[in-house]
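Written below as structure tokens is the structure these notes are about.
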Amino acid sequence: MLKSHLAAQLLNLLAAGLLLISFAMLSRRRTQRLITLFAWQGSILFLSTCLVAYDASLTELYYSAALTLIMKVITLPWILHRLMRRLGAQWDSEPLVNIPATMLVGLVLVIFAFGLAEPISMLATTITRHTIGIALAVILLSFLMMITRRKAVTVVIGFLAMENGLFFAATSATYGMPMVIELGIALDLLVAVFILGIFFFQIHEQFDSLDLHHLETLRED
Amino acid sequence: MSVYSWTSIITAFSGTNLSSLLLLVAVWPVLGFAGLLRPRSVRFVARLLFPLGALVCVGVLLKAGAFLASECVPQEIVLPLGLANLPFHFRLDALSGFFLLLLGLAGAGISTFAAGYFRAGEGTSPGLLGLQYHIFLASMAVVILAGDAYLFMVAWEMMALSSYFLVTSQHRIPEIRRAGFLYLLMAHLGAICILLSFGAMQGGSWQFTFDAMRGTSLTPFWATAAFTLALLGFGAKAGLVPLHVWLPEAHPAAPSPVSAMMSGLMLKTAIYAMLRITFDLLHVQFWQWGVAVLALGLFSALFGAVFAAVQTDMKRLLAYSSIENIGLIFTGIGLAILFEASNLRLFAALALTAALIHALNHSLFKSLLFLSTGTVLHATKQRSLGKLGGLIRSMPWVAVLALIGTLSIAGLPPLNGFVSEWLLLQSFLFTAQIPHTFINMLVPLGAAALALTVALAAYVMVKFYGVIFLGQPREPSLAHAHDANWLERIGLMWLAAGCVAIGILPQFALRAAAAVTGALLGQTIAPNASIWQIAPIAPEQASYSGLIFLAGIVAVVGVAFVAVRLLAHGRIRRTPAWDCGYPWQNSRMQDTAEGFGQPIRHMFGAFFRMERDLPSPYDSEPRYRIHIEDRFWRGIYRPLARAVQRSADAMSVLQGGRLSIYLLFSFLTLIVLLVFIL
Amino acid sequence: MRVLTFARQFGEVVLAIAIAPLFAGWIAQCRAWLQNRSAPPLTQTYRMLRKLFHKDAALAVDASPLFRTAPYVLFGTMVLAAAIIPSLATDLPFARAADAIALIGLFATARVFMSLAAMDIGTSFGTLGARREMMIGFLAEPALLMVLFNAFLLYGSTALPSLVDGYASHPSVIDPSVIFAAVAFVMVLLAENARVPIDNPATHLELTMIHEAMLLEYSARHLALIEWASSLKLFNYACIGFALFLPWGIAIHGADGASALLIAVTALIVKLALAGAALALIESVSAKLRIFRAPEFLAMAFLLAVLGLLVHLLLGVSTHA
């Protein structure tokens with residue numbers, strides 16, 4: 001149980017911040033900004049996990065908070081930044097058409113997610129359960145971002161952000177997953193980023209660009 | 001049969017409001033037929049009969065106002081006209097009283113204007129035009145007063161036909177004939193839906209009086225069927241998207257007073273009928289209906305505003321703006337249904353009030369603007385915005401009066417358009433109390449769409465007024481355009497005065513609307529209205545005072561003016577405008593109506609089907625042309641028309657042309673019928 | 001008592017008219033400091049107004065009466081708005097004349113008059129400016145309205161005095177929606193007052209300007225009135241922002257002694273100073289957007305406000321449940 005009303009409010013605030021960052025990600029053109037935003041998202045996640053851990057007095061949650069901090073705030077952004085530099089793509093930006101329309105779709109997704117989470121949050125026992133809607137919205141928005149992007153790096157960032165949403169859902173609905181699973185996921189992510197990094201190099205070598213629409217030419221006619 | 005005996009009718013006629021109203025309405029056809037005595041005389045028809053018609057309008061206005069100010073006890077009269085056993089029922093209650101008030105108020109201005117407007121040698125002869133015009137007015141009044149479905153349909157069709165003839169009064173122009181045909185077609189498709197809706201509403205009793213329909217209780221399925229059919233039928237008349245296609249064609253084609261009547265009054269009869277069926281005749285309301293009406297209304301409003309912004313013909317622009325305003329009215333109705341179905345009576349009353357007041361306002365300012373375009377058209381022979389401009393200098397009267405209309409329709413305080421839009425926004429605020437989570441979350445988006453529409457309307461009207469009246473004349477002949485004549489000015493002034501009066505003292509309009517909401521919902525807003533301000537729910541929550549707005553602005557302007565004169569000076573030096581160092585520019589190089597629409601085309605590109613011809617740098621005669629089309633034409637209407645054509649072609653196989661084949665058909669029909677009966 | 005409230009009302013309006021140019025001057029000064037320029041004195045805006053009032057008005061040959069009336073109307077609407085907004089106290093006789101939605105309408109009136117006046121002479125820049133101004137306006141209005149919806153959901157009112165009073169009665173609520181709404185409001189403020197990401201008040205580069213393009217034909221006292229009205233508009237927007245988000249210090253209903261008013265005046269000046277510095281900072285670190293990026297900017301503002309609304313509907317309801 002949450003000890004105080006204040007903690008619940010703070011958590012809501014953090015959840016709102018998470019949602020805000022997801023929308024900011026949808027609208028940013030510069031890839032490097034996206035990485036920064038991703039790091040910010042990770043730090044909010046870290047704070048919220050700490051808050052829940054403090055409030056529910058769960059020591060394991062502190063570990064997963066620390067894991068979040070190391071992985072999502074420090075390691076992954078660092079790897080991504082390095083990758084961008086190595087690929088010479090740090091000034092990349094994407095020609096996004098019609099941001100307001102994407103935003104509007106995002107808004108509808110949020111409404112959808114909230115509506116969907118309503119019955120689930122009734123089932124959940126924790127007080128933090130109302131943030132499930134936001135977690136779901138973050139997942140859907142990251143998915144939307146992956147759909148609208150054309151660069152390999154940004155698609156990967158979308159993928160990572162989606163995982164952030166999942167993690168947030170886990171902490172808010174059930175006070176986190178068992179440690180083993182969390183460690184496994186963290187390791188998976190790391191490996192995924194490494195593999196995808198190798199893919200970036202391959203794509204870059206092949207097409208001299210990270211633009212995914214080049215992959216369309218690989219199709220056999 | 002004692003009910004129908006003449007003596008009882010005469011006694012009924014002696015005192016009540018309804019009887020005197022019916023007598024007044026009967027004067028219109030008399031005036032119309034009187035015009036046939038000297039059909040070619042403009043002086044007789046226009047200068048004598050039309051002002052008399054306007055007086056009748058004032059009479060209707062006063063009678064309806066007196067009725068609304070009283071207790072509003074419904075009155076009924078049965079006249080033994082029409083078919084045997086199907087007498088005409090007339091009924092006057094608060095709802096019909098309100099719409100008669102609207103009819104009288106705007107009709108008086110339009111008829112006065114029309115008296116000065118019609119000239120000799122323009123299309124149909126004045127006498128015939130006068131007949132059609134007055135029949136049109138009378139049939140609208142009968143639609144509003146009808147107390148049974150039969151009379152309603154007769155009057156409705158009469159209204160459609162008379163307005164069709166008015167639209168095609170310049171029938172030598174092929175486009176106008178085409179517009180008229182489209183109008184007639186849509187009107188009749190709508191009429192079929194309305195007929196079926198009444199059929200669904202009688203609920204097996206086969207009684208077609210409204211009283212009987214009020215008494216039947218329908219199953220949810222039949223109620224929804226009746227409601228949907230009514231929405232289709234009246235939506236087609238009102239110009240709800242996607243049934244709006246006739247509207248931007250027919251309104252510009254008609255002579256301006258007729259455009260004003262159609263836009264200002266005829267569309268309101270559809271609103272009236274919609275309200276009559278939804279809140280009076282049907283007992284139940286489902287929130288899903290409200291959502292449907294709300295969505296359609298909002299979409300129409302946004303659609304109308306966006307299309308109005310890219311028009312280059314001033315009357316088409318106003319026609320699209322009518323779609324927008326009808327959309328706003330339907331938005332109010334949708335909200336009212338939604339609230340009513342959620343048992344939030346007070347807020348339903350608020351939304352309904354907003355819709356009613358907006359209907360009243362629209363009839364005033366849209367008539368005013370259509371009539372202004374009429375004078376501009378007469379003075380310049382131009383409808384295209386690209387060839388107008390600078391008329392504020394040659395036509396100051398029209399310019400000032402049109403400015404009032406422009407500011408009203410743009411929804412600016414302290415004029416009337418703002419009052420209804422403010423009420424509508426207020427009613428949106430309370431949607432958070434509707435007990436459906438999804439609707440709670442979607443409705444704010446609706447409010448935003450509404451705000452966007454309202455602000456876009458201001459954009460459109462700045463374009464409309466700025467391009468016609470401000471700037472430099474784009475054609476040399478415009479500098480000598482003559483102003484409106486006196487009858488026209490009086491008509492315009494009447495309407496403008498209505499806009500200002502409702503704007504600064506909305507209390508009276510609110511009282512009239514309160515009579516309606518009281519009768520339909522059993523609830524009224526603002527029980528203790530003060531003379532200073534309106535506060536629909538509670539003054540702590542929201543209040544607005546047009547009077548203080550006007551007084552405040554006027555006072556500050558006055559003080560500032562005097563202070564500037566006293567403390568500084570009032571010296572003026574007239575110089576040519578700065579030409580940006582390019583002295584060769586002329587008035588044709590001003591920004592155009594197309595230019596004004598450009599940001600909208602850019603932002604709302606998905607709404608249009610655009611064809612653009614861009615000149616190349618090497619063209620000796622560069623020409624920029626843009627053609628904007630409604631997507632609904634290609635999306636819905638063309639395929640529909642093709643399908644109808646194809647099925648008609650298929651049917652034409654039956655039309656062999658040989659007599660014996662036709663006889664064979666009759667014979668077979670006879671056999672089949674005999675088999676059935678036996 | 002009645003006389004006292006009217007006196008307070010009058011004092012508030014006079015104060016607004018008097019310090020609005022100072023506020024604009026303060027922002028200009030902060031900007032100059034941030035950009036490492038030596039700043040003009042704070043009284044510069046007053047000097048300019050004085051100079052303009054004493055010049056002869058040069059009027060285009062065929063300017064219509066509308067052109068000459070518009071500056072007065074603009075000034076009138078802004079002064080009326082200042083009378084309605086509770087910048088010092090909530091118990092104002094004029095405040096009941098309009099809620100915040102009507103206030104938006106009042107600003108719209110000013111905008112339409114300005115645009116019409118800009119089109120009157122028929123120069124290209126005037127019409128261009130008018131068109132752009134109306135475009136910004138119709139995009140900013142929905143966003144602003146959503147901000148007010150947020151406020152309505154929190155305190156159940158759109159009347160600014162009731163909002164301030166409502167805030168005073170439950171001060172401890174940190175609703176996440178407020179933050180969203182506040183950011184959206186600042187974005188709208190920047191757009192509506194022709195500040196940097198949308199327009200540049202200091203530019204005279206014709207092709208990019210909006211507000212200045214509309215004023216090109218104005219001179220002397222008319223220009224002075226328009227400039228004064230613009231600074232009043234900025235002041236009014238700031239005060240709406242204070243009433244919505246930072247209502248500390250405003251003398252609320254009932255507490256309206258001399259000391260309360262003194263506190264209110266001090267609080268207002270401190271808030272204005274801080275807000276001015278913050279505005280200058282925002283303007284200095286951001287670049288002016290292309291005109292077709294402006295819809296994007298305002299769509300973001302709108303979106304933030306709607307998000308706030310949604311977050312409130314979900315989280316706000318739940319915390320009370």
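Within every chain, numbering begins at 1; the chains are lettered A, B, ... in the order of the sequence lines, protein sequences first and strands thereafter. All values reported here derive from a predicted model rather than from experimental measurement.
- Side chain of Arg131(C) to main chain of Tyr459(B): no donor-acceptor pair is present (N/O by atom type, distance under 3.5 Å, no hydrogens or angles).
- When heavy atoms are compared at a cutoff of 4.5 Å, Ala560(B) approaches chain C by way of both its backbone and its side chain.
- Of all residues spanning residues 144-153 of chain C, those with a heavy atom less than 4.5 Å away from chain B's heavy atoms are Leu145(C), Met146(C), Phe149(C), Phe152(C), Leu153(C), arranged by number.
- Two residues are said to be in side-chain contact when any heavy atoms from C-beta on lie closer than 4.5 Å; Leu80(C) and Phe549(B) meet this criterion.
- When heavy atoms are compared at a cutoff of 4.5 Å, Ile600(B) approaches chain C solely by way of its side chain, counted from C-beta outward.
- Side-chain contact between Gln472(B) and Asp62(C) is present, with heavy atoms from C-beta onward closer than 4.5 Å.
- Counting heavy-atom pairs under 4.5 Å between each of Glu133(C), Glu217(C), Met78(C), Arg68(C) and chain B puts Glu217(C) at the top.
- Between the CD1 atom in Ile104(C) and the CZ atom in Phe418(B) there is a gap of 8.5 Å [rounded to 0.5 Å].
- Atoms OG1 and NZ, on Thr127(C) and Lys463(B) in that order, are 13.0 Å from each other to the nearest 0.5 Å.
- Distance check, rounded to the nearest 0.5 Å: CD of Gln590(B) to OG of Ser124(C) gives 7.5 Å.
- Arg50(C) does not touch chain B: none of its heavy atoms, backbone or side chain, sits under 4.5 Å away.
- Between Thr575(B) and Val61(C), the closest side-chain pair of non-hydrogen atoms is not below 4.5 Å.
- Only the side chain of Leu407(B) comes within contact range of chain C, with heavy atoms under 4.5 Å apart.
- Formation of a donor-acceptor pair under 3.5 Å by the Arg574(B) side chain with backbone atoms of Ala60(C) is found in this model.
- A donor-acceptor pair under 3.5 Å links the side-chain atoms of Thr109(C) to the main chain of Pro413(B), judged by distance alone.
- For the set Ala447(B), Gly552(B), Pro396(B), the count of heavy-atom pairs under 4.5 angstrom toward chain C peaks at Ala447(B).
- Taking 4.0 Å as the cut-off between side-chain N and carboxylate O, Asp120(C) and Arg393(B) count as a salt-bridged pair.
- Within the 4.5 Å cutoff, side-chain heavy atoms of Val462(B) are placed close to those of Leu116(C).
- Side-chain atoms of His54(C) never come within 3.5 Å of backbone atoms of His569(B) as a donor-acceptor pair (strictly under, hydrogens ignored).
- For the pair Met135(C) and Met603(B), the minimum side-chain heavy-atom distance is below 4.5 Å.
- Closest non-hydrogen pair, Val557(B) versus Gly76(C), comes out as CG2-CA, 4.4 Å.
- There is no contact between Phe67(C) and chain B, counting heavy-atom distances below 4.5 Å.
- Contacts between Leu309(C) and chain B at a heavy-atom distance below 4.5 Å involve the side chain alone, from C-beta outward.
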TODO: Using the side-chain contact (heavy atoms from CB on, under 4.5 Å) rule, take Ile101(C) and Glu421(B) through it: C-alpha gap first, then chi angles, then the decisive distance, then the call.
DONE: CA-CA 10 Å; Ile101(C) 296 178; Glu421(B) 280 163 12; over 6 Å; no

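- With a threshold of 4.5 angstrom between heavy atoms, Phe428(B) approaches chain C through its backbone and through its side chain.
- Put simply, the side chain of Gln426(B) reaches to within 4.5 Å of the side chain of Asp99(C), judged on heavy atoms.
- The CZ atom of Phe113(C) sits 8.0 Å away from the CD1 atom of Ile553(B) when rounded to the nearest 0.5 Å.
- In Arg565(B), the CZ atom is crowded: over 12 heavy atoms of neighbouring residues, nucleotides or ligands sit closer than 6.0 Å.
- If you measure heavy-atom distances from Ala83(C) to chain B, you find no contacts under 4.5 Å at all.
- Between chain C and the residues Leu429(B), Leu567(B), Leu452(B), Val556(B), the largest count of heavy-atom pairs under 4.5 Å involves Leu429(B).
- Highest contact tally toward chain B, considering only Pro71(C), Gly105(C), Ala100(C), Ser219(C), is held by Gly105(C) [criterion: heavy-atom pairs under 4.5 Å].
- By the 4.5 Å heavy-atom criterion applied to side chains, Met461(B) and Val112(C) are not counted as neighbours.
- Note that OG1 of Thr158(C) is 7.0 Å distant from CH2 of Trp422(B), once rounded to the nearest 0.5 Å.
- Rounding to the nearest 0.5 Å places CD1 of Ile468(B) at 10.5 Å from CE of Met119(C).
- Nearest heavy atoms, Pro142(C) versus Ala448(B): CB-O, 3.9 Å.
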- [ ] Evaluate the criterion side-chain contact (heavy atoms from CB on, under 4.5 Å) for residue pair Leu66(C) and Leu403(B); output intermediate values, then yes/no.
- [x] CA-CA 10 Å; Leu66(C) 179 72; Leu403(B) 180 63; 4.1 Å; yes

